[in-house]
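For this chain, numbers begin at 1 and follow the sequence in order. When a ligand or atom number is given, it counts from 1 through the structure's own listing order.
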Amino acid sequence: MLVVMKNDATEEQVRAVIREIEKMGYRGVPMPGAQRTAVCIIGNKGPVEAARLLAMEGVKEAIPVTKPYKLVSRETHPDSTVITIGGVKIGGGEPVIMAGPCAVESEEQALTIARFVKEHGALVFRAGAFKPRTSPYSFQGMGKEGLKVLAKVRSETGLLIVTEATDSDNLAVVNEYADIIQIGARNMQNYSLLRLAGHLKKPVLLKRGFAATIDEWLMAAEYIMSEGNHRVILCERGIRTFSDNTRNTLDLAAIPSIKEASHLPIIVDPSHAAGRRDYVIPLSRGAIAVGADGLLVEVHHDPAHALSDGMQSLYLPQFEELMRELGRLKLFL
Ligand code: PEP
Ligand code: MN
């Protein structure tokens, strides 16, 4: 249930409502809006007795929330959320391009790619220092040394950094270095990791699990938000289907579905969806055309020698072409 406060409700009245909700055995999360504050009730298993709350000073109305997720729901937060990080706005209308290699391999590799993607319009540099690999024998990432390289990329280029935390052991150090903490597809339902990320102050990029429904994905975001971190960016990266022409199947319908169900920004990763670089530009066009708030794209200056995901990494000139095409697409949207 959402308790909507009157326009002129005082902070003390909001606090009193939260205390009353706590007395009922639930939690009340204040959600300040442009006009008025609402308090979202979480932790209730069934319907909430609204009369007690409606009788309180400053309370305008109580609206039942029909969805299992609350804080992520557009029902509780009709305006789209815009996440601002160091001057970059995600969800603010202009698609944000996050680009870089799958993994940090060396300082020279990261800086070469970062300088190029920055020059052509990327605002965020992506690269994993901790890599969740299907095989234990594959390159697992440079770890903390990789994070130090990413810090250098940020200071030299001014790009923001998104990089993945793969478990609760490396979450703290990733939080130290990253501007956006990525939680990967394999961890989308790692609820203890989600809760820990919910205690952090940095935005979280939450990728969709290979076999997750939209509701399961939104419930995963709810885990993060219910711990207090409301800055969640969703990322569609393809799901498992019977179709085997691509590594995964990009679910473009997820973008309008998420936009309807949730106020959170959503971006698209066409690289892990396709698994092959020649499909990345067409899928990117599609993603932006259906309303994605940005892209997460793998780019490498020498994909043939990349230590991971070379097949799906764009060559540098292809990234330039992608940005040119997106510019043209903007003229039609
Ligand atoms: C990645 O972005 O490098 C990655 C491992 O992605 P996913 O979790 O979507 O497989
Ligand atoms: Mn990758």
Legend entry - Inter-residue atom distance R186.CZ - L193.CG, 0.5 Å rounding: 14.0 Å

Inset, instruction - Answer yes when R247 and D309 have at least one side-chain N-carboxylate O distance shorter than 4.0 Å, and no when they do not. - result: yes

Legend entry - Closest approach of any protein heavy atom to atom 4 (C) of ligand 1, naming residue and atom: H272 NE2, 3.5 Å

Legend entry - Short N-O contact, K330 and E94, less than 4.0 angstrom: yes

Inset, instruction - Taking only Lys NZ, Arg NE, NH1 and NH2, and the carboxylate oxygens of Asp or Glu, determine whether D8 and K6 approach each other closer than 4.0 Å. - result: no

Legend entry - Pick from R133, R186, R208, R126: the one approaching atom 2 (O) of ligand 1 most closely through a non-hydrogen atom: R126

Legend entry - For V39, the rest of its hydrophobic cluster, which grows through side-chain links under 4.5 angstrom: M1, V3, M5, V14, V17, I18, I21, M24, Y26, I41, V48, L53, L54, M56, V59

Legend entry - Interfacing atoms of ligand 1 (cut-off 4.0 Å, heavy-atom, R237): 7 (P), 9 (O), 10 (O)

Legend entry - contact_flag E164 ligand 1 heavy-atom lt 4.0 Å: yes

Legend entry - Set of side-chain hydrogen bond (donor to acceptor under 3.5 Å, both in side chains) partners for R52, sequence neighbours left out: E20

Inset, instruction - To the nearest 0.5 Å, tell me how far C235 SG sits from H272 NE2. - result: 9.5 Å

Legend entry - Electrostatic pair E75-K67, nearest N-O below 4.0 angstrom: no

Inset, instruction - Decide side-chain hydrogen bond (donor to acceptor under 3.5 Å, both in side chains) for R74 and S80; before the verdict, give the C-alpha distance in whole Å, the side-chain angles of both, and the deciding distance to 0.1 Å. - result: CA-CA 8 Å; R74 210 178 260 285; S80 294; 3.0 Å; yes

Legend entry - Numbering as shown, the atoms of ligand 1 that approach G184 to under 4.0 Å (heavy-atom distance): 8 (O)

Legend entry - Heavy-atom nearest option to atom 7 (P) of ligand 1, drawn from Q312, E298, R247, K207: K207

Inset, instruction - Measuring from the Mn ion (ligand 2), count protein N/O/S atoms under 2.8 Å, please. - result: 4

Legend entry - Protein residue, atom and distance nearest to atom 8 (O) of ligand 1, heavy-atom basis: A185 N, 2.8 Å

Legend entry - Cluster companions of I233 among Ile, Leu, Val, Met, Phe, Trp, Tyr (side-chain spacing under 4.5 Å): I83, I85, V88, I90, V96, M98, L123, V124, L160, V162, I180, L205, I267, L296

Inset, instruction - Give yes if a backbone or side-chain nitrogen or oxygen of K131 is under 3.5 Å from a nitrogen or oxygen of ligand 1, and no if not. - result: yes

